[in-house]
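Could you have a look at this structure, given as structure tokens, before my questions?
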Amino acid sequence: MALRRLHGAVQHDLAENICGKLRLPDPELSWEAQVLSFAREYRTVLLSVRDAAEILLETPPLLPKRLLFMESMLRNLVEAGFPPEEIVMAAMLVNDYVLSFVKNETRDFNPPEEETGPPNDFFGRLSPEQYPTLFRLAPYLMQINTEEHFEYGLQMLLGSLRQRLKDKPSGTSSND
């Protein structure tokens, strides 16, 4: 039990150290630009520290540096005018997107070559009869540009958030 507490304390310290590397978005930016800035900075920092996404996924956000980023993101969405019931969900969605993207980005996708052949040709060697769509899209599946992929996801999230804000019934305030 003491070892588990020690492990937990070390993880909390690591999480706080990771969050200490993050820079808050400029509050003068639009809410959309702040979300983009936060997500990009978050990803950059997570990629710079081994197992950072895993550490943050395993530790609750209870320490000052992490709370500061939560405060910044939540305040940004409040000031943008999101309804209170959506603010936490929207912030968590951005956080979860970045964490899961980095976790996927940093895991080892390549099985041992002796089992599969060259890793960049895996989908191209599938049976076109059994997997016609995978076979047809093989060149795209094996050459995903992670920067473009990350930005595409961010733009999809941001577009959805913009639409939610636009569709908000008039007269609704996040300060209700």
**Request:** Report yes or no: do R50 and T106 form a side-chain donor-acceptor pair below 3.5 Å?
**Result:** no

**Item:** Value rounded to 0.5 Å, distance of CD in Q11 from CG in N17
**Value:**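 Taking CD in Q11 and CG in N17, the distance rounds to 13.5 Å.
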
**Prompt:** Does any pair with a residue in residues 83-107 pass ring-ring contact (aromatic ring centres under 6.0 Å, His included), and if so which ones, sequence neighbours excluded?
**Reply:** Y97-F101, Y97-F150, F101-H149, F101-F150

**Prompt:** What's in the same ILVMFWY side-chain cluster as M156, cut-off under 4.5 Å, chained through other members?
**Reply:** Y152

**Message:** Using 0.5 Å steps for rounding, measure from the CG atom of L93 to the CD atom of E86.
**Reply:** 11.0 Å

**Prompt:** So how far is it from N76 CG to L24 CG, rounded to the nearest 0.5 Å?
**Reply:** 11.0 Å

**Prompt:** Any idea which heavy atoms bring V88 and L74 closest together, and the distance?
**Reply:** CA-CD2, 4.1 Å

**Item:** F69 side chain reached by F38 side chain, heavy atoms, under 4.5 Å
**Value:**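 F38 reaches F69 side chain to side chain.
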
**Test item: L141 and F122 side chains (from C-beta on) under 4.5 Å apart, heavy atoms** = no

**Message:** Using side-chain heavy atoms (C-beta onward) and a distance below 4.5 Å, is W31 in contact with R162?
**Reply:**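 Side chain of W31 against side chain of R162, heavy atoms only: contact under 4.5 Å found.
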
**Asked** When hydrophobic residues are tied together by side-chain contacts of less than 4.5 Å, even through go-betweens, does M92 share a cluster with V102?
**Response**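 Same hydrophobic cluster.
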
**Asked** For R164, does the CZ atom have more than 12 heavy-atom neighbours from other residues, nucleotides or ligands under 6.0 Å away?
**Response** no

**Contacts of type side chain to side chain contact (heavy atoms under 4.5 Å, CB included), residue Y131, not counting sequence neighbours** =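 Only L126, L134 meet the side chain to side chain contact (heavy atoms under 4.5 Å, CB included) criterion with Y131.
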
**Request:** Enter the distance from S100:OG to E105:CD here, rounded to the nearest 0.5 Å.
**Result:** 10.5 Å

**Asked** When hydrophobic residues are tied together by side-chain contacts of less than 4.5 Å, even through go-betweens, does L67 share a cluster with V94?
**Response** no

**Request:** Would you please name every residue forming a side chain to side chain donor-acceptor pair (under 3.5 Å) with E54, sequence neighbours left out?
**Result:** K103

**Message:** If you compare all heavy atoms of L154 against all heavy atoms of A39, which two are closest, and at what distance to 0.1 Å?
**Reply:** CD2-CB, 3.4 Å

**Request:** Check the hydrophobic clustering (I, L, V, M, F, W, Y; side-chain heavy atoms under 4.5 Å; chains of links allowed) and say if F123 and L137 are grouped together.
**Result:**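 The answer is yes; both residues are in one hydrophobic cluster.
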
**Request:** For A80 and L165, work out which heavy atoms get closest and say how close.
**Result:** O-CD2, 3.5 Å

**Message:** For a quick test of reading the model, state the closest non-hydrogen atom pair linking A91 to L77 and the distance between them.
**Reply:**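 The pair with the smallest heavy-atom distance is N-CD1, 3.7 Å.
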
**Spacing of CG belonging to N104 relative to OG1 belonging to T146, to within rounding of 0.5 Å** = 11.5 Å

**Request:** Considering non-hydrogen atoms only, spot the tightest contact between R66 and E16 and give its length.
**Result:**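 Answer, listing the atom of R66 first, then E16: N-OE1, 3.6 Å.
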
**Message:** Listing request: all salt bridge (charged side-chain N to carboxylate O under 4.0 Å, His left out) pairs with a residue in residues 144-158, at least two apart in sequence or in separate chains.
**Reply:**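 Applying salt bridge (charged side-chain N to carboxylate O under 4.0 Å, His left out) to every pair that reaches into residues 144-158, excluding sequence neighbours, yields R40-E151, R43-E147.
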
**Side-chain donor/acceptor of S37 to backbone N/O of Q34, under 3.5 Å** = no

**Item:** Nonpolar side-chain network containing L62, other nodes, edges under 4.5 Å
**Value:**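 Grouped by the 4.5 Å side-chain rule, L62 forms a cluster of one, so the answer is none.
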
**Request:** Check whether I55 and L63 end up in the same hydrophobic cluster, where Ile, Leu, Val, Met, Phe, Trp and Tyr are linked by side-chain heavy atoms less than 4.5 Å apart.
**Result:**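 Hydrophobic grouping puts I55 apart from L63.
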
**Request:** With rounding to the nearest 0.5 Å, note down the distance linking CG in L56 to CG in L99.
**Result:** 6.0 Å

**Item:** L29 with L161, same ILVMFWY side-chain cluster at under 4.5 Å
**Value:** no

